[in-house]
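Below: one structure, written as structure tokens.
All values below come from the heavy atoms of this structure, side chains included, with hydrogens, waters and symmetry mates left out. Position 1 is the first residue of the sequence; numbering continues from there.
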Amino acid sequence: TDVKLMEVPYALNADERRFVLIVAAPKMGQELGYQVWADLAGGTTYVQTNDTNDLSAVGQLAAAYNRVTATDAGFTIDTLSGGEDILEDVASNDGWLINIDDEWLYANGVVDNLDGSMTFSGVTRGVMDTVPSDHADNAKVWIISSGYADLTPSEPLEADGTVRVKLLPFSAGTPLPIASATARTLAVTNRAKRPYPPGKLRIGGSAYPATASGTRPAERTSRAIRPP
């Protein structure tokens, strides 16, 4: 199972406390869901914290996607797992939250290219507490709106630190034995309480330049983390 752990941004649930989001995609197409086992102190004393059928769709960028790509150009993903869920939701979904590397994006359109790939359009870059970033060809693209789970559904984590997690996929039979599951870790840093970086950064007229030298005019847009 493909898996990613992320600390939840403030804008996702309007809560300053520490929550961890899990996205997992079926690797063999047979998984129906997974159990979440974790040691919230980063050790190896695992206890079950969740049980979910919310598998996620994940693919890979069909080409590099840089930070200054035009919004209407969108991007294409291939080697897609769980993509049928995206198309099933087209009629009712107002858009899709997407994660690539450390950047969150929003897209309001998707087209099935009928060759195993899909193209997303109407893309807004660097949403919530992220900024546009460069992404390499074959970078993983997680369709967050297709399904995700909380590490601890009812309670936030109490303090910063490292959490260690194992997912036990299940199908019609017994879940994967915990000794056979891969352990994954995440450093929790109270992301939801940190200030947002400035948006729409331009230096000397260039959007998010990798480097700049000399005296150049700078422009940016402030973003409020929460309503006043």
Salt bridge (charged side-chain N to carboxylate O under 4.0 Å, His left out) assessment of Asp129 paired with Arg194 | CA-CA 9 Å; Asp129 62 351; Arg194 297 204 305 267; 5.3 Å; no
Trp37 with Phe19, same ILVMFWY side-chain cluster at under 4.5 Å =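 No, Trp37 and Phe19 fall in different hydrophobic clusters.
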Same cluster or not: are Leu5 and Leu168 linked, directly or through other Ile, Leu, Val, Met, Phe, Trp or Tyr residues, by side-chain heavy atoms under 4.5 angstrom apart?
->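 Hydrophobic grouping puts Leu5 apart from Leu168.
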Could you check Val3 against Val165 for side chain to side chain contact (heavy atoms under 4.5 Å, CB included), going step by step and ending with a plain yes or no?
-> CA-CA 10 Å; Val3 178; Val165 180; over 6 Å; no
Contact check, side chains of [X] and [Y], non-hydrogen atoms, under 4.5 Å:
| X | Y | result |
| --- | --- | --- |
| Val23 | Met6 | yes |
| Glu16 | Tyr10 | yes |
| Leu32 | Phe170 | yes |
| Phe120 | Leu105 | no |
| Tyr65 | Val141 | no |
| Thr44 | Tyr46 | yes |

Between [X] (side chain only) and [Y] (backbone N and O only), is there a donor and an acceptor less than 3.5 Å apart?
| X | Y | answer |
| --- | --- | --- |
| Arg184 | Val163 | no |
| Glu7 | Asn190 | yes |
| Asp134 | Arg67 | yes |

Report the distance from atom [atom1] of [X] to atom [atom2] of [Y], rounding to the nearest 0.5 Å.
| X | Y | atom1 | atom2 | value |
| --- | --- | --- | --- | --- |
| Thr185 | Asp39 | OG1 | CG | 11.5 Å |
| Ile100 | Trp142 | CD1 | CH2 | 12.5 Å |
| Glu103 | Thr130 | CD | OG1 | 5.0 Å |
| Ser145 | Ile98 | OG | CD1 | 7.5 Å |
| Asp150 | Asn50 | CG | CG | 7.0 Å |
| Tyr34 | Ile22 | OH | CD1 | 5.5 Å |

For a quick test of reading the model, state the closest non-hydrogen atom pair linking [X] to [Y] and the distance between them.
| X | Y | result |
| --- | --- | --- |
| Gly74 | Val123 | CA-CG2, 3.8 Å |
| Leu55 | Gly33 | CD1-N, 4.0 Å |
| Pro175 | Gln35 | CG-NE2, 3.5 Å |
| Arg164 | Ala183 | CG-CB, 4.1 Å |
| Ser81 | Ala25 | OG-CB, 4.2 Å |
| Asn66 | Arg125 | O-NH1, 2.9 Å |

CA sep, side-chain torsions, deciding dist, call: Arg191, Val8, side chain to side chain contact (heavy atoms under 4.5 Å, CB included) = CA-CA 7 Å; Arg191 173 177 183 167; Val8 176; over 6 Å; no
Look at atom CG of Asp102 and say whether more than 12 heavy atoms of other residues, nucleotides or ligands are closer to it than 6.0 Å.
->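 Not buried by this count: 12 neighbours or fewer within 6.0 Å.
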Assess whether atom CZ of Phe75 is packed by more than 12 heavy atoms of other residues, nucleotides or ligands within 6.0 Å.
->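 Yes.
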I would like to know whether Leu186 and Leu151 meet side chain to side chain contact (heavy atoms under 4.5 Å, CB included); could you show each step before the answer?
-> CA-CA 11 Å; Leu186 177 71; Leu151 174 62; over 6 Å; no
Which residue, Thr152, Asp160, Thr189, forms the side-chain hydrogen bond (donor to acceptor under 3.5 Å, both in side chains) with Arg18?
->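 So the option named by the test is Asp160.
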All salt bridge (Lys or Arg N to Asp or Glu O under 4.0 Å) counterparts of Asp15, not counting sequence neighbours |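 Arg17.
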Check the side chains of Thr119 and Thr76 for a donor-acceptor pair under 3.5 angstrom, ignoring hydrogens and angles.
->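 Yes.
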Please lay out, stage by stage, how Ile144 and Trp104 fare under the test side chain to side chain contact (heavy atoms under 4.5 Å, CB included).
-> CA-CA 9 Å; Ile144 306 297; Trp104 286 70; 3.8 Å; yes
